[in-house]
Amino acid sequence: MSATVKVLIADDQPLVRRGLALMLAPEPGFLVVAEAADGAEAVRLAHEHRPDVVIMDIRMPVLDGIAATGRLTAELPGCRVLALSTFDMDEHVVGALRAGACGFLPKDISPEDLVAALHVVREGEAILAPRLLTRLISTHVTAPDHRTARPVPPGTEGLTPREREVWRLIAGGSDNTEIADRLGVSASTVKNHITGLFAKLRVRDRAQAVIAAYETGLVTARREA
């Protein structure tokens, strides 16, 4: 793995692109390799520069961030995508997560949080606070009724009872430490369960696992009156 994290910034607002680039400029270990003004340009430049992480705005002309994310995750599986959004409760962010984004960042993120987020994503984890992820998805993702139910994801029936419980706890917003405490096992055991769970569900990360939990009806959103 390269010591330098190569970053591509995709946003249709030049000031946002410049601002993010300036945040990363003084940070050792990061290199902004390209800036794109729309999703199509982001895909093209990603093929050209092979970034480790793409910071992807959701609303862009020509090709939006969701479509661009879907193309990148399919065409360049080693490239991680962070969705960029003005609002943290935005149904389009869920679309980006479904397309393969690792999470999302608000546009007013601090330089310190941006750097921390990029490190987390580069290591293959989803960057989104577990409870915030649950709140976001439970607001915009619902289990379909029996008439319109989606096919059960491959591997669901093959889950062990413990994997299913870990999945339920992930969907409920628990992080690995909380899951370990709840089940009375070590953190490394939890990581092993999650690795097996993700493989069986054919999901890339925590975000997609939570979406699958809501879509299959494993958990349901609690709506406030």
Side-chain angles (χ1 to χ4, degrees), residues 1-130 132-133 135-137 204-208:
M1 184 179 295
S2 171
T4 300
V5 179
K6 296 187 293 183
V7 180
L8 187 154
I9 299 171
D11 194 292
D12 62 340
Q13 299 180 44
L15 286 178
V16 173
R17 296 197 304 271
R18 281 285 79 204
L20 291 169
L22 288 172
M23 283 186 190
L24 294 176
E27 296 293 334
F30 289 95
L31 176 64
V32 176
V33 295
E35 297 178 22
D38 59 64
E41 186 179 25
V43 172
R44 179 179 62 79
L45 291 175
H47 277 276
E48 180 180 343
H49 295 279
R50 300 299 171 111
D52 299 302
V53 182
V54 175
I55 301 175
M56 182 80 74
D57 187 22
I58 292 176
R59 295 180 178 87
M60 289 189 294
V62 185
L63 186 69
D64 66 32
I66 295 174
T69 295
R71 285 190 53 184
L72 284 178
T73 54
E75 298 170 13
L76 297 174
C79 177
R80 310 285 291 180
V81 177
L82 280 173
L84 196 68
S85 178
T86 302
F87 304 102
D88 66 356
M89 292 304 294
D90 185 338
E91 67 273 17
H92 295 294
V93 176
V94 175
L97 295 176
R98 282 199 185 102
C102 305
F104 78 90
L105 298 172
K107 286 191 177 182
D108 61 354
I109 190 170
S110 70
E112 296 79 14
D113 287 344
L114 175 63
V115 169
L118 290 172
H119 277 302
V120 170
V121 168
R122 182 66 180 93
E123 292 168 5
E125 297 292 333
I127 182 62
L128 194 59
L132 183 57
L133 172 63
R135 181 166 63 92
L136 172 71
I137 293 174
R204 285 171 49 123
D205 53 37
R206 218 176 191 90
Q208 291 190 337

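Along the sequence shown, residues are numbered consecutively beginning with 1.
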- Heavy-atom closest contact (P51 atom, V33 atom, distance): CB-CG2, 4.2 Å
- Minimal heavy-atom distance between A96 and I66, with the atoms involved, is N-CG1, 3.8 Å
- Message: Using every non-hydrogen atom in the two residues, find where L8 and A36 come nearest and quote the distance to one decimal.
- Response: CD2-CB, 4.3 Å
- Query: Between the main-chain N or O of D38 and the side-chain N or O of D12, is there a donor-acceptor pair closer than 3.5 Å?
  - Reply: no
- Item | Residue among V5, L114, T4 satisfying side-chain contact (heavy atoms from CB on, under 4.5 Å) with F30 | V5
- Item | Any side-chain heavy-atom pair of L118 and I55 under 4.5 Å | yes
- Would you check if D11 and L20 make a side-chain contact, meaning some heavy-atom pair closer than 4.5 Å? no
- Message: Name the residue from L84, L72, L82, D64 that meets the side-chain contact (heavy atoms from CB on, under 4.5 Å) definition with M56.
- Response: L72
- Please report the closest heavy-atom contact between C102 and V121, naming both atoms and the distance. SG-CG1, 4.1 Å
- Message: Just verifying a value: how many Å separate R71 CZ and C79 SG, rounded to the nearest 0.5 Å?
- Response: 12.5 Å
- Note on the structure: Between the CG atom in L24 and the CG atom in L31, the distance rounded to the nearest 0.5 Å is 10.0 Å
- Message: Rounded to the nearest 0.5 Å, what separates atom CZ in R18 from atom CE in M23?
- Response: 12.5 Å
- Task: To the nearest 0.5 Å, tell me how far E48 CD sits from E41 CD.
- Result: 10.0 Å
- Message: How long is the straight-line distance from NE2 of H47 back to CD of E75, given to the nearest 0.5 Å?
- Response: 4.0 Å
- Separation of L45 CG from E35 CD (nearest 0.5 Å): 10.0 Å
- Item | For the student: nearest non-hydrogen atoms of V62 and A40, plus distance | CG1-CB, 3.7 Å
- When every non-hydrogen atom of G100 is compared with those of T73, the smallest separation belongs to O-CG2, 3.6 Å
- Does R17 CZ have over 12 foreign heavy atoms under 6.0 Å away? yes
